[in-house]
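These notes are about the structure you will find just below.
The structure presented is a predicted model; accordingly, all values stated were derived computationally and were not measured. Residues take their numbers from the sequence shown, with the count starting at 1.
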Amino acid sequence: MRAALLYSAAGSLLLSTLVTPPDTQEPTGAAERRGTAVAAERAKEAGVDFGPCPDAQDLPGSMRCGTVRVPLDYARPDGEQIELSVSRARATRKAPRRGGQPVGRQGALVYNPGGPGATGLYFPLIGLLPEWKRIAAAYDLVGYAPRGVGRSAPLSCTDPKRYFTGPSPSPAHPSTSYKEERIARAKAYARGCAERTGDSLRHYHSLNNARDLDVLRAALGEERLTFMGSSYGTYFGALYATMFPGHVRRMVFDSVAHPGPHRIWYRNNLAQSAAFERRWADFRSWVARHHDVYGLGATAREVLRSYRRASARLAAEPAGGKVGPGQLQGAFLQAGYYDDQWPHRAHALSAYLKGDPKPLIEQAEQQPEAAAEAENARAVYLAVECNDAPWPTDFTVWDRDNTRLARMAPFETWDNVWTNLPCAYWRAPRQRPLDVGTGPGQLPPTLILAAERDAATPYDGALDLHHRLAGSVLVTERDAGAHGLAGGPNACVNGHMEAYLLEGRLPGRRTDCAPHAEPEPAAPDRPGASALRGVR
């Protein structure tokens, strides 16, 4: 998942093309279970020695950092150890009273932002935002970098200096020669992952991410875990709930990656590509409604023609020598995740077509100084997803499925293929996906948040997890598609989250919230909504 997935009738037909993994499986090996218990007991005794955060002298707030040791291989808890970077801001105890009662401290709230490959180290700073003040008063806010990310035993599959290659194409219907070029690049990247990481590569996967989470819980001194996962974080959060149900206090699943074993991860990526087409249409319809501001067309189809005209012009002459069609597509893909970016993207496209490329270059160019972080994120993303499950190893399967899908969903389909294609040539052993699920009484009530038109993690994933976790409650933001709802602009969603985390109080089993307001258009001299709603 390129940071998550999708749902459409057409997409669901395409998903039937991959052979389903075997139905029977061992949930997790006895050796790994024992190893996790050993590592957790050691972590409980050691705790976390929090001190100043590296490279964080200028950050606001009272965030402190430390490390937690976990086994590289849980089947060998006395073998090689790696360190996970952890951050924390203590509960402030400062918040308005709720219902006449002060907000009391409730332990640690651990957060993961997804990816795979994203860091949660800056999560504690979210307590500075108004939407999080009450939760920050009650909880120690804890973030961390999962294994492979940042300083947490970092992975790399290629020289970061070679990661950004400059302006790139983005053909919606690639030629045979272009496919052959991308196959060669995928093979080289997979080979680089194996050569640079060695046998350790096999230990970077979602089951170990769930085990690491239990060791972190113990290191923090928590008997039971309070956890919030977003996007991919919902998947290994669901694995945790399945593997360690007795260690759960409260869990929030925000924007759910479909956890079905048959969907991890090839089918989820097909689904994601289809879902982004629908969200891309939502964006173009919004731009068309504001034709008087942007001048890109009065219908979604006319806006698409403006986009294609810009892409063709960039193919002939990259903007500033830096931005080609591939960078354009990457920038506008972000608009599929977050609608508060719509005004900025529309303004950049409008300005470029009117002769001013600066806004587009600012939004779409690749920053060389960010290459190492971007390459690390991709290396972890691929290690986890490629290790997690079987993938088709014959490109003809990818070609057949995505050629068919691209006829209906051309916007992201092939770029999603190129992102994930190294998994076809992966050199580490694959895991067999765990069949996520808990029965009545096994797990405390959990909260699921989902936007009905989310493209990155399509809504059917939330429905599926809701059925798998007995006692869970699903809160849906109807007719909206932002990815990541917690602490966002919807007061209804935030109210349910706050009531659950602070009081353990949940609404009915299925609850709807009206959509948040659409962003206001931004003319060149009138800034639009910030693209950063919170720390993600």
Could you tell me whether the side chains of [X] and [Y] share a donor-acceptor contact shorter than 3.5 Å?
X: Thr226; Y: Arg249; value: yes
X: Tyr381; Y: Thr419; value: no
X: Glu477; Y: Asn490; value: yes
X: His483; Y: Ser231; value: yes
X: Asp339; Y: His516; value: yes
X: Asp454; Y: Thr457; value: yes

Okay, side chain of [X], backbone of [Y]: is any donor-acceptor separation there less than 3.5 Å?
X: Arg345; Y: Ala331; value: yes
X: Asn268; Y: His258; value: yes
X: Thr242; Y: Gly437; value: yes
X: Glu80; Y: Asp73; value: no
X: Arg250; Y: Pro445; value: no
X: Asn376; Y: Leu155; value: yes
X: Tyr144; Y: Asn112; value: no
X: Arg64; Y: Cys53; value: no
X: Arg76; Y: Ala31; value: no

Worksheet item: Which is it for Arg263 and Asp464 under the salt bridge (Lys or Arg N to Asp or Glu O under 4.0 Å) test, yes or no, and what are the steps along the way?
Response: CA-CA 11 Å; Arg263 292 279 293 264; Asp464 186 79; over 6 Å; no
List for me each residue that meets side-chain contact (heavy atoms from CB on, under 4.5 Å) alongside [X], sequence neighbours excluded, and say none if there are none.
X: Arg510; value: Tyr459, Leu463, His466, Leu474, Arg478
X: Ala118; value: Pro113
X: Asp214; value: Thr36, Ala40, Arg217, Tyr240, Phe244, His247
X: Arg196; value: Ser156

Worksheet item: Less than 6.0 Å separating the ring centroids of Trp265 and Tyr235?
Response: yes
Practice prompt. Check whether the ring centres of Phe283 and Phe276 lie less than 6.0 Å apart, and answer yes or no.
Written response: no
Worksheet item: Around Gln366, counting heavy atoms of other residues, nucleotides and ligands shown, do more than 12 lie under 6.0 Å from its CD?
Response: yes
Discussion item. Once ring-ring contact (aromatic ring centres under 6.0 Å, His included) is applied, do any residues pair with Tyr500, and if so which ones, sequence neighbours excluded?
Written reply: none
Worksheet item: For Asp199, which residues count as a salt bridge (Lys or Arg N to Asp or Glu O under 4.0 Å) partner, sequence neighbours excluded?
Response: Arg202
